[in-house]
Amino acid sequence: MKPTEGGGALGLFDEARVVGVVLKKELVLYLRYPVWVLFDALMPLLWVLSLVIYGRALVGSPYSENLARLANTGDYVSFTIVGMIVSSFAYSTLWGMSYALRGEQWSGTLESTFLAPCSRFSILLGKAFSSMLTTSLWVFLQISLVSLVFGLNVKFLNLPFAMLFFLVALPSFIGIGFSLAGVVLDFKEHSAFVNFLSSLLGLLLPISYPLSVLPPVLRYFSYLLPPTYAIEGMRSLLIMDSGLNEVMGLAVPLIFFDVFWLSAGIMIFAREERRVLKKGTLGYY
Amino acid sequence: MVFHVMLEYSVVAKRLRKVYRKEEGGFPFRRKSSETIVALDDVDLSVKKGELFGLLGPNGAGKTTLVKILSTIIIPDAGTALVNGHDVLKEPGKVRASIGVVSSGERSLYWRLTARENLEYFARLYKVPDGVARRRISELLSLMGLEDRADELVEKYSGGMRQKLAIARAILHDPEVLLLDEPTLGLDPSFSRSIRVFIREELNRKQGKTILLTTHYMDEADQMCDRVAFINKGRIVAVDSPEKLKAMIGMNEVLKIVVSNLDEKVLTMVRGLPFIEDCGVANAEQDGRTMVRLYMKNVDANIQEVVGVFSKAGCRIFSLSIEKPTLEDVFVKLTGEVLDG
Ligand SMILES: Nc1ncnc2c1ncn2[C@@H]1O[C@H](COP(=O)(O)OP(=O)(O)OP(=O)(O)O)[C@@H](O)[C@H]1O
Ligand SMILES: [Mg+2]
């Protein structure tokens, strides 16, 4: 009957179950707010549609000579869609955790959650995975719709490799997510923060244009961002039909970012948690 | 020695100190101001195993801060505490596993989940094995009289039901120590009573749990607790059983008088009466009435004279009663301040 505490394989198993139950709870709560579900479903779709239509207005056809010169494809619809999908996944891990944490501060449940004898990181991971799961649902919807309307040239045979590639990038996203969650825990501010970050990333990440069109100064910053590599890698796998060996060059920096951001994320979160425990403001809204 | 302490005491606070620094400005221009609040000023406290211990003090006394330090969600500036033999600073995980916490207010549950979903969720976080959790959850739901509404969203619950559910959540993993921060705050009297009885009879007497509860209701502490600590401005001013504390007043009767037009001059006159030991004055009500409690020997013989002083000074007397000393009287005597302000 006594709760187990830390240590050993059993401890790890219990923590995995914590991740699972947090994931489940987040999904149940999510589905109980139908308005959010509707917004979440529609928003990325509107976003991607406006980009695609804008492209058509500029180019006048579904094929862009200029894009073909810059990237290995002239099909800007597929180009943009894949960029959007990968960045949606990246965003869902990047701020899914801090968003959910902020939500618990708001609803008053953060203290009771943190009173439990389980790792904070299990709780955060549960939140990240639930937000990834809901994202997948909407992404699937987007792909289906867009490919119906515009036609999509995706090499579906490469999908498993693309997913594998995403898994290589995932730890770095999670690490950044931990850091953001830590910062938000203390600063009690989420939306302004994330609105700014997502606009910044919208500029720096190669979502709807290749990096080569960015001014060189900005491009350096792009190369510091793990999602850049994820988008480029998955895009070459999915629409340029590259093999795994061709994207290895993009995976190597990602592995470096994984190690760096995971350790930084754990350290930053732990430090920020200690800070709020000292200030006594853990559950404050 | 350490072993001995562990056996006898479930909670030991050692010279706990917590100073809050106010912050100014908004993100990202926040800075610490020089203004500080000493929430806990070298607090020593021990709660015996199996004891129901009350921490009684006015708003802002530091009760919540102390409970949060004991439950590892505030880190003290100095000192430490042992809960169930584990140091809150060195082994927070072990402390968390062995305590159940009910915090004041009722927002510690997910309102958009049902009662059962809430309990199932927290059972996992507390790593209670599934089979045990299932049995325990249905036990607790029926113990709390919530089984009929177990599958309803918590947002549909009344405040009292939520509080019961919060208690059920706190004891889900069968912890040895319970920390209850104002468990009856904001509940209507009949609900408060049933919660008190539950805490005392079921949790403390029957299940043998060690309980530290905070309150600013003196009769709550008086009725329920084996021992009470008075806390005021971050300091513990007295610790003893309610009976012994009340005996400190030194007399067994108190004259309670409600008057209007009270001022310092009248009070000085009343205090000057030879048979008056001390007096406590509550904050004035909105209609100008003030409650004064006079601690005096031989109330019967002197009541006439007291009334005389008040009426001569132009105070109108609304009510007069002779009462037994309460914990509030002791608090007033020790600190010169009123509890319920
Ligand atoms: N995080 C914080 N930052 C700054 N000041 C704080 C913080 N938490 C509490 N305080 C202050 O510390 C003092 C003690 O607060 P605490 O909440 O411990 O008192 P309390 O006895 O629980 O009061 P109440 O009966 O109102 O719940 C109060 O003056 C309060 O304003
Ligand atoms: Mg309090």
Side-chain angles (χ1 to χ4, degrees), chain A residues 1-7 10-11 13-22 24-26 28-33 103-119 122-123 126 183-184 186-190 192-193 273-285, chain B residues 18 20-21 23 26-28 30 32 39 64-65 68-69 71-77 86 91-103 105-114 117-118 120-130 132 136 153 166 169-170 172-176 179:
Chain A
M1 169 73 236
K2 289 293 133 202
T4 54
E5 203 267 320
L10 191 65
F13 179 68
D14 278 339
E15 292 294 340
R17 284 163 55 88
V18 170
V19 176
V21 80
V22 173
K24 182 176 147 201
K25 181 217 67 178
E26 293 288 330
V28 170
L29 283 178
Y30 179 71
L31 293 174
R32 285 189 187 156
Y33 287 92
E104 302 233 12
Q105 270 176 342
W106 180 78
S107 69
T109 44
L110 190 66
E111 280 190 0
S112 47
T113 307
F114 274 36
L115 274 169
C118 59
S119 165
S122 307
I123 293 167
V183 171
V184 161
D186 187 12
F187 279 123
K188 321 281 179 205
E189 175 53 67
H190 188 263
F193 211 38
E273 186 193 358
R274 212 179 143 71
R275 229 171 51 188
V276 291
L277 293 187
K278 280 191 170 164
K279 285 205 226 167
T281 57
L282 176 65
Y284 282 31
Y285 179 60
Chain B
K18 186 74 213 169
Y20 293 116
R21 222 161 242 104
E23 281 190 341
F27 170 76
R30 229 174 260 172
K32 291 196 167 159
T64 299
T65 303
K68 285 189 176 173
I69 289 176
S71 44
T72 75
I73 50 173
I74 285 186
I75 297 177
D77 297 330
H86 307 299
E91 302 175 297
K94 286 194 172 143
V95 172
R96 285 182 201 128
S98 65
I99 59 172
V101 183
V102 176
S103 46
E106 45 185 47
R107 300 241 53 176
S108 61
L109 299 154
Y110 295 93
W111 285 26
R112 286 272 174 138
L113 295 182
T114 68
E117 285 168 341
N118 266 290
E120 282 166 357
Y121 174 68
F122 282 103
R124 268 294 171 77
L125 291 198
Y126 278 89
K127 302 172 182 175
V128 181
D130 280 352
V132 181
R136 184 106 179 120
L153 296 186
R169 198 216 57 207
L172 203 50
H173 55 299
D174 203 13
E176 285 173 39
L179 305 172

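Throughout, protein chains are lettered first and strands after them, A, B, ... in sequence-line order, and every chain is numbered starting at 1.
- For the set A:L110, A:L282, A:T109, the count of heavy-atom pairs under 4.5 angstrom toward chain B peaks at A:T109.
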Next item on the list: Decide side-chain contact (heavy atoms from CB on, under 4.5 Å) for B:R124 and B:D130; before the verdict, give the C-alpha distance in whole Å, the side-chain angles of both, and the deciding distance to 0.1 Å.
Entry: CA-CA 8 Å; B:R124 268 294 171 77; B:D130 280 352; 3.5 Å; yes
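- Ranking A:K278, A:E104, A:R17 against chain B, the residue ahead of the rest is A:R17, based on heavy-atom pairs under 4.5 Å.
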Note to self: As a quick check of understanding, evaluate side-chain contact (heavy atoms from CB on, under 4.5 Å) for B:L179 and B:V102, giving each step before the final call.
What the structure shows: CA-CA 6 Å; B:L179 305 172; B:V102 176; over 6 Å; no
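- Between B:S103 and B:S108, the shortest heavy-atom distance links the atoms OG-CB, 4.3 Å.
- Here B:Y110 pairs with B:Y121 under the ring pair (Phe, Tyr, Trp, His ring centres under 6.0 Å) rule; sequence neighbours left out.
- When heavy atoms are compared at a cutoff of 4.5 Å, A:T281 does not approach chain B at all.
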Margin query: One pair to check against salt bridge (Lys or Arg N to Asp or Glu O under 4.0 Å): A:D186 and A:R275. What are the steps and the verdict?
Written below: CA-CA 7 Å; A:D186 187 12; A:R275 229 171 51 188; 3.2 Å; yes
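- Of the two parts of B:I69, neither the backbone nor the side chain holds a non-hydrogen atom closer than 4.5 Å to a non-hydrogen atom of chain A.
- Minimum interatomic distance between A:S112 and B:R169 (heavy atoms only, all atoms of both residues): CB-NH1, 3.1 Å.
- Proximity to chain B involves both the backbone and the side chain of A:V21, based on heavy atoms less than 4.5 angstrom apart.
- Residue with the most contacts toward chain B among A:I123, A:V276, A:V18, A:L115: A:L115 (heavy-atom pairs, distance under 4.5 Å).
- Of the listed residues (B:E120, B:R21, B:K18), the greatest number of heavy-atom pairs within a distance under 4.5 Å of chain A belongs to B:K18.
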